[in-house]
Number of protein chains: 2
Amino acid sequence: MASMLRLPSLLSPSKPLLRRRLPAARLAASAASRGQASAATGAAAPAATETRGGDREGQVTPRSVDFNAWYTDVIAAAELADYGPVRGTMVIRPYGYAIWEAIQDYLNVKFKETGHSNMYFPQFIPYSFIEKEASHVEGFSPELALVTIGGGKELEEKLVVRPTSETIVNHMFTKWIQSYRDLPLMINQWANVTRWEMRTKPFIRTLEFLWQEGHTAHATLEEAEKEAMQMIDVYTKFAYEQASIPVIPGRKSRVETFAGANRTYTIEAMMGDKKALQAGTSHNLGQNFSRAFGTQFMDENGQIEHVWQTSWAISTRFVGGIIMTHGDDAGLMLPPRIAPIQVIIVPIWKKGDEKSAVLEAVDSVQKLLKEAGIRVKVDDSELRTPGWKFNHYEMKGIPVRIEIGPRDVTNKSVVVSRRDVPGKQGKEFGVSMEPSILVNHIKGRLDDIQASLLQKAITFRDSNIVDVSSYGELKEAISEGKWARGPWSASDADELKVKEETSATIRCYPFEQPEGTKKCFMTGNPAEEVAIFAKSY
Amino acid sequence: MASMLRLPSLLSPSKPLLRRRLPAARLAASAASRGQASAATGAAAPAATETRGGDREGQVTPRSVDFNAWYTDVIAAAELADYGPVRGTMVIRPYGYAIWEAIQDYLNVKFKETGHSNMYFPQFIPYSFIEKEASHVEGFSPELALVTIGGGKELEEKLVVRPTSETIVNHMFTKWIQSYRDLPLMINQWANVTRWEMRTKPFIRTLEFLWQEGHTAHATLEEAEKEAMQMIDVYTKFAYEQASIPVIPGRKSRVETFAGANRTYTIEAMMGDKKALQAGTSHNLGQNFSRAFGTQFMDENGQIEHVWQTSWAISTRFVGGIIMTHGDDAGLMLPPRIAPIQVIIVPIWKKGDEKSAVLEAVDSVQKLLKEAGIRVKVDDSELRTPGWKFNHYEMKGIPVRIEIGPRDVTNKSVVVSRRDVPGKQGKEFGVSMEPSILVNHIKGRLDDIQASLLQKAITFRDSNIVDVSSYGELKEAISEGKWARGPWSASDADELKVKEETSATIRCYPFEQPEGTKKCFMTGNPAEEVAIFAKSY
């Protein structure tokens with residue numbers, strides 16, 4: 001197995017395996033829609049598909065036919081994840097995990113630049129801790145997994161498998177913080193968390209998931225507020241600049257605020273089916289946990305005060321958000337900055353005497369790009385045809401494909417294809433192999449794709465947000481699957497009524513607000529802000 | 001808070017807090033042995049020590065007085081870890097976690113270079129899985145934590161919180177592997193694991209710990225054996241070259257082999273109290289798990305076979321090994337390659353008019369070293385005296401200290417002190433600030449320290465291994481706290497007898513074996529190998 005890429009054994013020709021059976025009709029529709037692809041993979045034995053999964057690459061449900069089926073098919077076919085043996089759990093496969101690693105690599109640097117240190121808290125939390133903060137226990141107790149037996153014995157106190165760590169963090173902060181000199185205390189941990197969800201969906205909502213959770217303690221409310229805003233800003237920049245996802249940052253309504261927070265900030269992303277995805281949150285916890293846990297400090301005047309806190313998190317759910325924002329009928333589509341492999345090189349030859357010259361050229365192009373810091377992989381396997389490979393790496397969402405055949409070798413050029421522009425339009429012939437030209441060309445294409453994915457997602461988002469000035473207009477927008485944005489100052493009860501009648505919730509009061517006076521579309525009363533309503537994951 | 005270092009908020013002057021109370025006698029001994037240090041920290045209020053931990057830096061038990069007390073004192077004083085609220089759990093604090101991150105950074109690269117991909121398996125394992133492999137269940141069932149309640153309901157099947165992942169890995173491998181083309185399958189995960197240990201010790205043995213676990217499947221026994229050996233070799237190189245720990249690699253005895261493995265390879269390290277620490281293991285699992293889970297593949301001849309497997313792990317225990325190998329009475333001592341901070345710069349001035357010139361020089365030296373890729377931190381806090389800082393950063397084990405005072409500024413030079421050479425001997429005056437000279441000097445010192453720590457540990461190790469040719473000699477060596485090495489071909493029962501009578505176990509049959517014929521020191525029968533016996537953690 002070649003080891004020229006950052007993630008060597010990641011793209012072996014092994015089989016995608018989410019085991020949901022596809023109905024025959026969908027299979028037919030899918031095969032028909034792909035033509036060449038199904039032909040290329042026609043050799044796969046149908047019997048294997050039945051019994052052990054088998055090669056299903058030609059069998060992805062078109063996105064337009066059934067978005068949810070498409071989503072799980074892509075996860076299987078691109079080998080991003082598989083179902084674990086316990087209901088609602090997920091195995092994150094190497095290719096899916098590599099996307100998570102790209103997210104980690106970026107955020108880890110940003111967290112450290114903004115003054116946070118990584119550390120690790122135990123995942124077992126005494127049950128009594130969860131009960132200490134009233135709204136926290138209310139929010140989380142239905143979702144808890146409890147350890148009741150340890151080392152063969154019934155435990156005296158049940159242990160909660162962490163659903164989030166505010167309680168245990170505060171228990172420790174209380175030990176570590178005495179004086180204003182110990183503040184701010186700013187930490188982060190990368191960890192697994194468990195929430196006993198009833199309806200699960202790979203990446204989006206699973207019994208166990210991976211995340212980072214930041215926790216900070218400050219001497220003043222203002223500092224905590226600034227920190228909570230700073231971190232939602234880090235997430236927003238990450239979403240736009242790395243993931244090409246034009247999230248809308250804003251504040252949650254009271255109803256939707258985190259159990260234990262005074263304010264929750266969120267980034268809301270519009271998926272390809274127009275449903276909203278809460279992609280990251282940052283909470284101003286006020287003194288709720290510090291009062292529950294007695295986390296106090298002596299200020300500069302010798303007064304004892306409770307600390308002001310924040311917490312903030314992004315999880316593996318974000319990987320689901322990337323899939324559902326950019327993917328198309330051909331599969332996954334990855335923004336170059338977080339793509340584990342940015343360029344796939346496919347050598348093409350027919351006669352044996354062409355092979356060595358082609359492979360030599362492939363090798364030198366690979367070296368060249370690698371030295372330029374581009375994540376590149378060559379697939380020179382002879383087990384698969386070039387056509388199969390084209391489809392395979394499109395399914396994997398690799399941003400750029402380079403083909404090199406005998407004529408290209410003669411012409412000292414290559415063929416470059418963009419994943420985001422289908423067919424001939426995305427294909428450039430005769431791109432010079434001359435090192436500086438080729439490197440600049442590929443870097444330019446990667447930048448183009450990064451920007452183009454973002455622009456496409458912005459256009460899609462903006463054409464699917466409707467400004468409403470009455471409840472009737474909201475209902476209409478929501479029934480069309482769109483987001484509704486309108487002035488809102490009605491009650492929590494009204495908000496719940498909207499949810500009951502339309503399935504839409506307030507996703508956020510966006511930070512970006514229109515100017516001028518506003519009237520609540522529900523009550524007609526004056527409103528200070530517009531809110532965005534949408535159905536969500 | 002300054003953010004010039006890799007881990008910005010890591011070294012705030014907050015308080016060390018392991019809450020074990022020190023007996024008065026030990027406190028006195030400790031204070032007496034440190035002189036200047038205790039004076040420097042004399043300002044800390046004794047009342048605070050009683051109630052909330054307080055500043056205990058002057059109160060570390062000398063290593064020679066009580067090794068175990070010294071160990072936990074250093075962990076507290078250097079802020080490496082703290083006890084979690086659940087018995088036997090540990091909070092890994094930023095400085096301790098940064099050492100773990102250095103271990104991760106190195107190994108992650110090596111794992112990928114050797115063809116492994118990271119991924120993630122769920123931590124909840126159906127109880128029935130654990131029962132499938134007979135010796136595995138026998139080995140692990142006394143140590144399991146079980147989830148019996150989820151989402152408010154009693155579960156139909158208890159879930160095991162992973163103590164290790166062979167079972168769930170094999171369950172998934174069975175789905176993913178069909179053909180020899182799917183092999184080798186080589187993956188790794190960084191994860192938390194839970195073992196319900198009764199006697200715990202920070203880093204060394206905790207209820208929950210962090211580790212990486214590699215899992216691979218191969219077509220032949222030979223390939224699996226080669227992989228198991230390759231990975232113990234990666235661990236050995238890591239220990240020697242990064243951690244300056246001269247581990248002895250070898251094979252475990254049958255009695256000490258991992259529950260479910262055919263062969264276990266190990267790296268055994270000698271701690272400062274001469275007890276052995278098993279610092280990493282690599283298992284050739286044979287077909288034990290593939291038979292239990294039906295993990296089969298079709299070979300090139302169309303035959304169905306069970307795969308051959310390995311697993312291998314290193315955990316946060318290794319951090320404990322670093323502390324106990326290199327630390328001394330003054331605290332932690334970190335090998336430069338894994339030190340989160342390699343150089344601490346302490347500015348020194350008395351008169352206000354000296355300050356700006358000193359800080360300017362400090363700043364330029366810091367920039368210089370940082371640009372040269374050296375992990376450097378400046379402590380220009382005016383809350384603490386230079387003397388306090390010297391002791392503090394010695395406690396933290398930072399390899400090199402640079403002092404810059406007014407006279408140094410005038411002379412365009414600095415003072416360089418090595419952590420590993422106490423007193424004046426380790427101090428160099430008048431080291432030129434001229435960029436290339438200073439950078440080379442510091443790099444050279446870091447290399448010297450790295451090599452010197454290893455050499456010191458080798459000398460210590462070799463002077464404490466006794467070659468024995470009778471059981472009597474073994475007993476004598478073990479009673480002196482040393483390791484005993486001698487020819488061994490006796491029974492498992494004899495091995496258990498040795499354990500019962502001396503508390504020593506076979507740590508390994510070292511790979512490096514003496515030549516010539518051997519006679520078992522226990523039975524007098526011919527022996528093929530020498531074994532190393534020792535008391536261990």
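Residue numbering restarts at 1 for every chain, and letters A, B, ... go by the order of the sequence lines.
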J.: Can you say whether A/Gln123 sits under 4.5 Å from chain B via the side chain, the backbone, both, or neither, judging by heavy atoms?
T.: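 For A/Gln123, backbone and side chain are both near chain B.
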J.: Please identify, among A/Pro85, A/Gly96, A/Ala145, the residue contributing the most non-hydrogen atom pairs under 4.5 Å to chain B.
T.: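 Ranked by contacts with chain B, first place is A/Pro85.
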J.: For chain A, find which of B/Thr89, B/Leu210, B/Val109 contributes the most heavy-atom pairs closer than 4.5 angstrom.
T.: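 With the most close heavy-atom pairs to chain A, the winner is B/Leu210.
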J.: If you round to the nearest 0.5 Å, how far is CD of B/Glu154 from OG1 of A/Thr148?
T.: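 These two atoms lie 7.0 Å from each other.
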J.: Please find the pair of heavy atoms, one from B/Met119 and one from A/Arg93, that lie closest to each other, and give the distance.
T.: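 Heavy atoms of B/Met119 and A/Arg93 come nearest at CE-CA, 3.7 Å.
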J.: Heavy-atom pairs under 4.5 Å with chain B are the metric here; pick the option from A/Ala191, A/Ser141, A/Pro126 that has the most.
T.: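 Highest number of pairs under 4.5 Å: A/Pro126.
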J.: In terms of ring plane angle, is the pair A/Tyr97 and B/Tyr120 parallel, tilted or perpendicular, where the classes change at 30° and 60°?
T.: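 Parallel: the ring planes of A/Tyr97 and B/Tyr120 meet at under 30°.
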J.: Side-chain contact, heavy-atom cut-off 4.5 Å: A/Val91 with B/Met172?
T.: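 SC-SC contact between A/Val91 and B/Met172 confirmed.
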J.: Which one wins on heavy-atom pair count under 4.5 Å against chain B: A/Phe209, A/Phe121, A/Phe124?
T.: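 Winner by heavy-atom pair count: A/Phe124.
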J.: Given A/Val147, which of B/Val161, B/Thr194, B/Leu146 fulfils the side chain to side chain contact (heavy atoms under 4.5 Å, CB included) condition?
T.: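 Testing each of B/Val161, B/Thr194, B/Leu146 against A/Val147, the sole residue satisfying side chain to side chain contact (heavy atoms under 4.5 Å, CB included) is B/Val161.
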J.: For B/Glu382, what residues pass the salt bridge (charged side-chain N to carboxylate O under 4.0 Å, His left out) criterion, not counting sequence neighbours?
T.: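 Residues passing salt bridge (charged side-chain N to carboxylate O under 4.0 Å, His left out) with B/Glu382: B/Lys355.
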J.: Which atoms of B/Pro142 come close to chain A, meaning under 4.5 Å heavy atom to heavy atom: side chain ones, backbone ones, both, or neither?
T.: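 For B/Pro142, the contact with chain A is made by the backbone alone.
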J.: Step by step, would you call A/Asp82 with B/Trp176 a side chain to side chain donor-acceptor pair (under 3.5 Å)?
T.: CA-CA 10 Å; A/Asp82 202 341; B/Trp176 298 333; 2.9 Å; yes
J.: Are the charged groups of B/Lys112 and A/Glu101 less than 4.0 angstrom apart, N to O?
T.: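 Salt bridge present between B/Lys112 and A/Glu101.
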J.: With a 4.5 angstrom heavy-atom cut-off, is it the side chain or the backbone of A/Ile168 that approaches chain B, or both, or neither?
T.: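 Looking at A/Ile168, just its side chain touches chain B.
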J.: Given that the side chain runs from C-beta out, which part of B/Phe129 has a heavy atom under 4.5 Å from chain A: side chain, backbone, both or neither?
T.: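 B/Phe129 touches chain A through side-chain heavy atoms alone.
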